Amino acid sequence: MAVVETRGLTKVFKEGQLGAVNNVDLVTREGEFLVFLGPSGSGKTTLLRMIAGLEQPTAGEILIGGNVVNHLSPRERRIAMVFQSYALYPHLSVYNNIAFPLKAQKIKKELHREKVEWASSLLGIGGLLDRKPRELSGGERQRVALARAIVREPTVFLLDEPLSNLDAKLRASAREDLEQFHKRIGTTTIYVTHDQVEAMAMGDRIVVLHQGFVRQIGTPKEVYDDPADTFVATFLGSPPMNLLESDDVVVGFRPEHFLPADRLREGSRIPLRFRVTYLEFLGAERILYGSLAGSRFEEKEVLSRLPAAVSEAFQVASVYDFGVASESLRFFDRQSEKRTQPKAIAWQ
Amino acid sequence: MKPAEHNVERCGGASATPPSPRERPRVARRPGGRWLGAAMFLPAILYVVAIIGVPFLMAFLYAVGDVRVGSVGYHFVGLENFRSVLHSPAFRRSLFNSVIFTVGSQVLVIVGAFTLALALRDKFRGRGVVRFLVMLPWVAPVSLGAIGWKWILDSLYSVINWLLVAMHLFRQFDAPQWLGEPKLAMMSVILVHTWHVLPFSTVILLAGLTAIPRDIPEAAAVDGAGFWRTLVHITIPMMRPILNVALLFGIIFTFTDMTVVYILTRGGPYDSTQVVPSLAFFTGILGGDLAEGAAISLFLVPILVIVAYLMLRVAHRAEVT
Ligand SMILES: Nc1ncnc2c1ncn2[C@@H]1O[C@H](COP(=O)(O)OP(=O)(O)O)[C@@H](O)[C@H]1O
Ligand SMILES: [Mg+2]
């Protein structure tokens, strides 16, 4: 097993333009499941392709297992990658798709069948070995791509949005399978996704990317509870964090912390009046849309997310006493958008 | 080629439920619509009949008659002309030459075009210019190109020989007679024809290559395959249908072509480069024996029919896979 490290990794496609990946420093840990999370176009794929050796960096270094691999071809890096499209070889049977890396790396012929069977049974596709990729469903294709990736027991796994082609239901079960699978083989895995729920659920740590810059690296809890800047604060969490601008700071609080006043301890609570304009009932929770009333943040739009345990009825166009616990507040610098120390601000 | 599209097609084709009335395409049935359709179709049919049907029929009539240039009557002679053609050594020779000419040039064309297509697929500085240059032999008139080649290979003024002599590889009056020695002449004819049809096959193969999604060869690279393994096990198998199309087109272009032979060697020396179409031309038009010329050219028909049949089958298979 190996550790992947990047130092100042940068990719500029067109000279003079902003880089697709800018000055990225990161180190994976042994056997960890690291997630690259960012909106579409944030440079996740480009970063992954540079690690795989499919894209030459403009600047910076890539290290695998402690050695600089910048000038090694993909095959010499001994990594496995699952492409977003799966990139199965359409003219080969599932068996030959999975066996291809074995042949390419000149592994002894006698071992092929055994290894292919091991990989395919691990992914539950033992019965599909004679089919062609076009005869498979999306979920089955994804499993074949995974089997092809694990069959030669790589040192690192790179997965580029492997679930994005599946429908919602299949995606949930495939996510579960992937997690189980990673637990079993324990190979260091880098997983790319634009879906924050997926990232939170699967990642040991999350690397949040935006416009090619790393905004934060941390465990799901860290990036959710202590976002490093306003981008991370609003990109993670659905609905996103409420942000209020006050002089030179931005104050943020999660919708689930914006609750009816009587739900909060009196000592630490900051009272706010909330005018509800729209209600969404989602079964396990309710989302209240509205704006603040009667403070210096008059008319600022905010959201509240109430668990089913809060059973009060709320009326559209009415104003209620809400509040936030002061320890739930997060502060950001208004200029740099970076996290700052808690500050006392005037609420009224 | 893309699996997703085919699934859609297949579902559409095999769906058991009939389309709802709202989905069914409405065809306006105007009175006289059928005649209008026929009238619109007529020019195409006339064109095919006039350009292909009539000459074909004439050729057939000539072939079973005793027509000569300038003769007045017409006597039906049955398969007499075919029998005499089959027994003529000149015909057998030209059939053999045609096969050599076609196989030789197609091997060169496919290998060359595939190499060129591979080279022209990747981006590099000046790719547009190179692509244009590669296309030139195809867009330039064959006769013009072939006349150029005739000078290049000329017995006295050959540029190649001048170079070879200047490089001291040959002595002045001992240089190869490119069009004067049977083996060399055949080689020259094959090479010039290859030069001419290469761009066409290159373009077909280039289109096929660019249709392979970029991440397939990338996946192969990550899986550990080098250039040759990717080429042999991934690229060529995926290109199979397109390669077949290029090959069959090439065979038709080559088997029926006589321009290069006519301009460079006129079938000589000693009929060593005489191919079936040029023999038909020399016998029927220049030799005046229309009947025998027609019979010779009709021998091309079964061969071309087989090739055309294969071509349609391959095209169909390319669609399904
Ligand atoms: N081959 C390329 N040539 C030029 N620009 C590219 C290329 N690949 C990606 N980009 C650009 O780089 C940026 C990052 O792309 P990508 O890494 O694919 O983002 P993501 O995977 O996060 O959606 C995008 O703005 C994209 O347009
Ligand atoms: Mg991407």
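Keep in mind the model is a prediction, meaning the values are calculated, not measured. So that the names make sense, note that chain A is the first sequence line, chain B the second, and so on, each numbered from 1.
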* What part of A/R77 lies closer than 4.5 angstrom to a heavy atom of chain B: side chain, backbone, both or neither? -> neither
* **Residue A/L88 versus chain B: region with a heavy atom under 4.5 Å** => backbone
* To do: Name the member of A/M81, A/E76, A/H91, A/Q105 that forms the most heavy-atom pairs with chain B at distances under 4.5 Å.
  => A/H91
* Asked: What part of A/K103 is in contact with chain B, defined as an atom under 4.5 angstrom from a non-hydrogen atom: side chain, backbone, both or neither?
  -> both
* Side-chain H-bond candidate by donor/acceptor type, B/H193 with B/T254, under 3.5 Å -> yes
* Would you confirm whether the ring centroid of A/Y89 sits within less than 6.0 angstrom of the ring centroid of A/F100? => yes
* Asked: For A/L26, does its backbone N or O pair with a side-chain atom of A/T6 as donor and acceptor, under 3.5 Å?
  -> yes
* Does A/K132 offer a backbone N or O that forms a donor-acceptor pair with the side chain of A/E135 under 3.5 Å? -> yes
* Atom pair CG (A/L128) and CZ (A/R131), whose distance is rounded to the nearest 0.5 Å -> 5.0 Å
* Select one option (side chain, backbone, both, neither) describing which atoms of A/R78 are under 4.5 Å from chain B's heavy atoms. => neither
